[in-house]
Amino acid sequence: MNAEVLALAPAIVFLGVLFFLLPNLTRPELFFAVTVERGFRRCAAGTLIVRRYRMHVTVVTAIAVALLCLAGALSLRSLPPVTLFGQLAALGAAFLAARRATQPFAVAPTTVREAELAAWKKTVPGGLAVALGPLLLLLLAGLAAWLRWSDLPEKMPVHWGFSGPDRWVERTPARMWGLLLLNGSVIAMICLSVWGVSQAVGRVVTTGAEAAAEFRFRRLTVWLLLLVAYLVSLPLALTVLAPEAVRSPAVMNAWGAVMLAGVLISVAGLIWMGQGGSRLAGPDRESITAPPAGDRRTDACWKWGMFYVNPDDPAIFIEKRFGIGYTLNFGNPWAWAAIALLVPSLVSGILLLQ
Amino acid sequence: MTIRIDLGSPVPVYRQVADAIRVRLVEGSLAPGEQLPPVRQLALDLGVHFNTVAEAYRTLSGEGWLDLKRRRGAVVLKRAKPKTAESGTEQAFQGRLRELAARAQADGIRPGRLAQALRALAGELEEGR
């Protein structure tokens with residue numbers, strides 16, 4: 001079995017398992033991104049939709065695994081990435097089909113809104129200093145590179161395998177700018193996401209036990225993002241400040257192991273909590289007679305159930321309707337401003353490294 | 001301490017926000033010196049435009065309830081007791097109360113229950129004075 005097969009097999013299986021479980025992980029009044037009555041997922045129509053959806057997911061994932069094995073057996077190098085993208089597209093199609101089947105049962109969410117007259121609890125321990133730490137580390141690396149330019153090694157590693165660096169670039173100003181732009185863009189995106197999920201998010205529930213559960217979910221999301229940001233900033237910082245460290249397989253494998261463990265544990269935690277902490281929130285609300293709340297946003301603002309577009313909503317980030325985590329409000333001009341600022345930087349960084 | 005609004009109501013949202021906060025101010029749940037959440041935060045929680053919450057805060061500031069000079073949020077002021085209401089003000093208020101009572105009865109609330117609720121509210125206001 002070649003390396004691509006070994007690398008992609010866990011990803012394909014993980015995607016299949018995640019999509020299989022997702023109907024149980026969303027908020028109770030959201031069913032394939034459609035607002036429904038409480039208890040709909042347990043009625044005959046709801047269980048039939050879920051059963052058909054899960055059958056599609058199982059078949060798609062099985063085909064993807066089979067194709068991957070075929071690619072490994074016949075050494076077809078281009079097939080594994082095609083298989084992964086094909087699986088994603090097919091899983092997306094399964095979701096859209098289930099959503100179409102659910103739409104006849106859609107209800108309007110409640111128009112009632114509640115808010116606490118108190119400041120939000122902090123999700124970032126240490127506040128702004130901690131949130132901007134990865135960017136500061138990168139700035140420090142850039143400054144150190146400028147001051148110690150002639151002391152830096154002639155070649156800098158940009159990609160690592162299990163046995164150490166396996167791709168290098170020459171130490172030129174353009175390459176260094178490329179590394180700073182590339183890393184800076186990725187870290188800036190993550191730091192903006194940290195700020196957004198902390199300060200510019202549309203909370204679904206603002207009072208009671210459900211609000212406390214939602215806060216825990218948001219806080220874990222922020223911690224995961226911060227962990228990734230700090231770890232992403234380390235290789236470039238070490239390249240400049242401690243060049244020998246990045247050439248050591250032990251150091252970089254430890255870095256990779258910490259990243260992987262941290263991400264897996266956090267993602268497992270988020271899945272366990274359910275979207276927005278909905279699985280932590282306490283007794284099922286089926287007995288309450290008030291209209292369904294869903295995510296308190298109208299279905300019409302969710303394009304294909306995946307993209308939220310609402311210029312009247314001040315939130316920049318809101319909870320995904322299908323999946324775990326948050327997405328942008330593409331109707332908010334600030335979301336596009338961030339994309340317009342960061343994507344060109346990312347692309348410029350990649351181009352400068354070629 | 002929560003406030004509640006209904007985005008489907010014909011009452012303008014800024015007025016609903018101002019009315020809900022005013023209830024807390026009159027009851028004494030919000031004491032002088034306490035800070036209200038920043039405009040942005042309250043707007044995000046209610047799902048309304050920032051200007052809507054800002055207008056509600058300005059309304060309450062105009063009535064002497066809030067100090068908006070600080071950079072973050074609004075601070076509750078110790079409001080001077082208003083003079084006795086003019087007869088026109090009291091008449092206009094009684095007119096609105098009649099309209100509200102009529103709407104409540106049209107929605108099926110019995111006059112006895114309505115009177116009971118009004119008496120309980122009057123008692124609370126007297127105690128809070």
Side-chain angles (χ1 to χ4, degrees), chain A residues 107-123 127-128 195-212 214-215 218 276 290-298 300-301 308 310-319 326 329 331-335, chain B residues 1-57 60 65-68 70-77:
Chain A
V107 295
T110 180
T111 53
V112 171
R113 298 285 186 274
E114 288 186 338
E116 288 275 357
L117 291 178
W120 289 4
K121 285 197 282 188
K122 292 188 191 303
T123 48
L128 200 60
W195 173 82
V197 172
S198 303
Q199 301 293 327
V201 68
R203 299 197 293 174
V204 173
V205 187
T206 57
T207 60
E210 290 177 64
E214 190 176 322
F215 170 76
R218 270 194 312 128
D295 61 0
R296 300 179 192 269
R297 279 145 179 99
T298 55
C301 293
Y308 182 67
N310 186 355
D312 296 328
D313 189 339
I316 299 177
F317 282 84
I318 62 161
E319 282 184 20
Y326 297 86
N329 172 8
N332 190 310
W334 288 109
Chain B
M1 193 190 318
T2 59
I3 61 169
R4 178 184 281 204
I5 64 168
D6 185 353
L7 299 182
S9 166
V11 177
V13 175
Y14 86 91
R15 196 186 295 170
Q16 290 186 58
V17 175
D19 289 348
I21 297 175
R22 193 186 298 108
V23 166
R24 300 294 184 191
L25 291 165
V26 168
E27 283 174 352
S29 311
L30 283 169
E34 275 192 60
Q35 192 160 351
L36 290 179
V39 165
R40 182 170 54 82
Q41 181 192 306
L42 192 55
L44 284 169
D45 278 345
L46 295 173
V48 300
H49 200 277
F50 302 141
N51 286 344
T52 304
V53 174
E55 182 61 31
Y57 279 11
L60 293 169
W65 289 108
L66 300 178
D67 174 15
L68 300 183
R70 298 201 181 189
R71 290 173 68 185
R72 285 191 184 178
V75 177
V76 179
L77 291 173

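In the text below, chain A, chain B and the rest are named by the order of the sequence lines, each starting its count at 1.
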Worksheet entry | Test applied, side-chain contact (heavy atoms from CB on, under 4.5 Å); reference residue, A:R113; option that passes from B:I3, B:I5, B:V17 | B:I5
Fill in: Stepwise side-chain contact (heavy atoms from CB on, under 4.5 Å) test for B:D45 and A:E116
CA-CA 8 Å; B:D45 278 345; A:E116 288 275 357; 5.7 Å; no
Worksheet item: Do the non-hydrogen side-chain atoms of A:T206 and B:T2 ever get within less than 4.5 Å of each other?
Response: no
Worksheet entry | Interface moiety of A:A118 toward chain B, non-hydrogen atoms closer than 4.5 Å | backbone
Worksheet item: Crowded around B:R15 CZ? As in, over 12 foreign heavy atoms under 6.0 Å?
Response: no
Practice prompt. State, with a plain yes or no, whether a side-chain heavy atom of B:V48 is found less than 4.5 Å away from one of A:P314.
Written response: no
Worksheet entry | Contact winner vs chain A - B:S9, B:S29, B:A20, B:G8, heavy-atom pairs under 4.5 Å | B:G8
Practice prompt. Check whether A:V205 gets within reach of chain B through its side chain, its backbone, both or neither, counting any heavy atom under 4.5 Å.
Written response: neither
Worksheet item: To the nearest 0.5 Å, how far apart are CG in A:L117 and CD in B:Q41?
Response: 9.5 Å
Worksheet, complete the sentence: Output for pair (B:D6 CG, A:T110 OG1), nearest 0.5 Å, gives 7.0 Å
Item to complete: Considering non-hydrogen atoms only, spot the tightest contact between B:L44 and A:Q199 and give its length.
Response: CD1-O, 3.3 Å
